[in-house]
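Position 1 is the first residue of the sequence; numbering continues from there. For the numbers below, each heavy atom of this structure counts, side chains included, while hydrogens, waters and symmetry mates do not.
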Amino acid sequence: IEADQDNIFAYMLRGIVQDHLGDYKNSIKDYLRARELALIEGRKDLLEKCDDYLKNKNYSVSNSISQVKDNDGNVYKSVTIGTQEWTAENLNVEYYRNGDVIPQIKDKEEWSKMRTGAWCYYENNSENEKTYGKLYNWYAVNDPRGLAPKGWHVPSDAEWTHLTDYLGGDVLACGKLKATTLWESPNTGATNSSRFTAFPGGFRLNYGFFDGGGKYGSFWSASDTNNYYAFFRRLGYKNSNVYREYNDKYCGFSVRCVKD
C-alpha cells in the first residue's frame, strides 16, 4: 500500500491490513480500525471487505462524510448515521446566526450568575479550542438568534434518543460514538464505528469550576425539563453506556448539531 511514512494512519494501515484481512477475521475492533483507515487511504476494495464483515456482525457503519460551515466561517466534518446527519466535531462558534456576539465568560462567579447565552474554553485555555471546541451554557443553545449553522439545529432529547437507538441502544452506542484517541484509559468499548468522533471535552459546572477533561464528554440537547434543568448526554472513559441526564442550564457542555 502506497502511503506517507509520516502519516500515523497510513502506518497503522500497513500493519493492520497490508494486502488482505485474513489474519484479523475474528477481531471486530481490527476491522473497525481497518475500515476507518481504508476510507482515509481510498481503498474501496478493503472497505467492502470490512463492511461485509461488520454488517454480518450487526455493526452499523456509515460511508458519508461531508462538511458544514458555521456562523463564523469555521468548517466542520459531518457524518450521516442512519437517517440523521450530525456534525462530527464540537461547535466552536462565537456569534449567533444573526451576527450578534456570544459573550465569553472566564470568571467563575460571573459564569454562575449568567442567565443568558455564554461560552468558554475548557479551563479557560484557548489551546483546547482546536480539538474540543467551546463549552456553552444552555441559554446559548436555546437563544432564538440561533447557535447552530443555517440549516442545522441543536438536537432535541428525542433526536439524541433516535441516534442511540439506531446504534443499538444506550449500552452499545457509547463505544460506537467515542473517538479511539484522547480519552483516558481504559476508554471502554471505544471503536468510533459511527464516525461521530465524540471527544472528552470536559464540562463547566454551574458554579463555574471545570472538571472531566479527558474523562467525560457532555453534549447538550435543546430540550429542557423545567425552568432550571435541561437534558444532555454524557459519555465516559470507564463506561460503555450513553447516559441521558439533566443538569442546571448554566452548566457548560459541548454542542453537536444535526441537519434540519
Side-chain angles (χ1 to χ4, degrees), residues 9 12-13 16 27-41 43-44 46-68 76-91 131-133 148 152-183 186-201 216-221 231-244 253-260:
F9 292 109
M12 291 169 63
L13 182 62
I16 294 171
S27 172
I28 289 175
K29 184 176 180 180
D30 280 328
Y31 268 83
L32 289 168
R33 291 171 65 205
R35 183 182 188 278
E36 182 174 355
L37 298 170
L39 279 167
I40 292 170
E41 295 295 326
R43 290 293 303 272
K44 292 183 179 180
L46 298 178
L47 182 63
E48 290 176 359
K49 291 181 180 180
C50 291
D51 282 353
D52 287 343
Y53 177 81
L54 293 169
K55 287 175 183 178
N56 287 334
K57 295 294 183 180
N58 295 319
Y59 266 74
S60 300
V61 295
S62 171
N63 292 330
S64 179
I65 293 290
S66 304
Q67 290 184 331
V68 57
Y76 308 86
K77 293 178 182 177
S78 67
V79 59
T80 298
I81 305 173
T83 60
Q84 298 172 308
E85 185 174 352
W86 290 78
T87 53
E89 302 173 69
N90 293 346
L91 197 64
T131 301
Y132 299 120
W152 294 71
H153 59 276
V154 179
S156 66
D157 180 56
E159 287 174 311
W160 273 110
T161 299
H162 182 88
L163 172 67
T164 54
D165 283 351
Y166 178 80
L167 294 175
D170 290 343
V171 175
L172 296 177
C174 185
K176 297 177 184 179
L177 294 170
K178 288 193 297 182
T180 56
T181 59
L182 298 183
W183 291 83
N187 196 15
T188 303
T191 63
N192 196 30
S193 62
S194 70
R195 307 194 78 189
F196 184 88
T197 316
F199 283 136
Y216 299 101
S218 297
F219 303 90
W220 277 124
S221 83
F231 287 110
F232 70 101
R233 294 301 189 276
R234 177 173 62 86
L235 290 70
Y237 71 117
K238 286 186 177 180
N239 308 108
S240 60
N241 287 50
V242 176
Y243 292 95
R244 175 181 181 259
F253 295 149
S254 301
V255 171
R256 291 293 179 95
C257 300
V258 65
K259 196 170 185 179
D260 294 349

Quick one: [atom1] on [X] to [atom2] on [Y], what's the gap to the nearest 0.5 Å?
X: Leu235; Y: Phe219; atom1: CG; atom2: CZ; answer: 6.0 Å
X: Trp183; Y: Tyr237; atom1: CH2; atom2: OH; answer: 11.0 Å
X: Ser78; Y: Gln84; atom1: OG; atom2: CD; answer: 12.5 Å
X: Asn187; Y: Ser240; atom1: CG; atom2: OG; answer: 11.5 Å
X: Glu89; Y: Gln67; atom1: CD; atom2: CD; answer: 8.5 Å
X: Asp260; Y: Trp152; atom1: CG; atom2: CH2; answer: 9.0 Å

If we only count heavy atoms from C-beta on, is the [X] to [Y] side-chain gap below 4.5 Å?
X: Arg256; Y: Asn90; result: yes
X: Val242; Y: Asp170; result: yes
X: Arg195; Y: Lys77; result: no
X: Leu163; Y: Leu177; result: yes
X: His162; Y: Thr83; result: yes
X: Val79; Y: Ser194; result: no

What are the two closest non-hydrogen atoms of [X] and [Y], and how far apart are they?
X: Thr87; Y: Phe196; result: O-CE1, 4.3 Å
X: Leu167; Y: Ile81; result: CD2-CG2, 3.9 Å
X: Ser221; Y: Ser156; result: CB-C, 3.9 Å
X: Cys257; Y: Pro155; result: CA-CD, 4.1 Å
X: Ser218; Y: Arg234; result: OG-CG, 4.0 Å

Are the side chain of [X] and the backbone of [Y] linked by a donor-acceptor contact shorter than 3.5 Å?
X: Thr164; Y: Ala173; answer: no
X: Lys176; Y: Gly189; answer: no
X: Lys178; Y: Pro200; answer: no
X: Asn192; Y: Thr197; answer: yes

So, using side chain to side chain donor-acceptor pair (under 3.5 Å) as the criterion, who are the partners of Arg233 when residues are at least two apart?
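For Arg233, the residues satisfying side chain to side chain donor-acceptor pair (under 3.5 Å) (neighbours in sequence not counted) are Asp157, Thr161.
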With sequence neighbours excluded, what pairs up with Tyr76 under the side chain to side chain donor-acceptor pair (under 3.5 Å) test?
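Scan of Tyr76 (side chain to side chain donor-acceptor pair (under 3.5 Å), adjacent residues dropped) gives Asp70.
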When the ring centroid of Trp86 is compared with that of Trp160, is the distance short of 6.0 Å?
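When the ring centroids of Trp86 and Trp160 are compared, they turn out to be within the sub-6.0 Å range.
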Could you check whether the rings of Trp220 and Phe253 sit parallel, tilted or perpendicular, using 30° and 60° as the cut-offs?
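The rings of Trp220 and Phe253 sit tilted, inter-plane angle from 30° to 60°.
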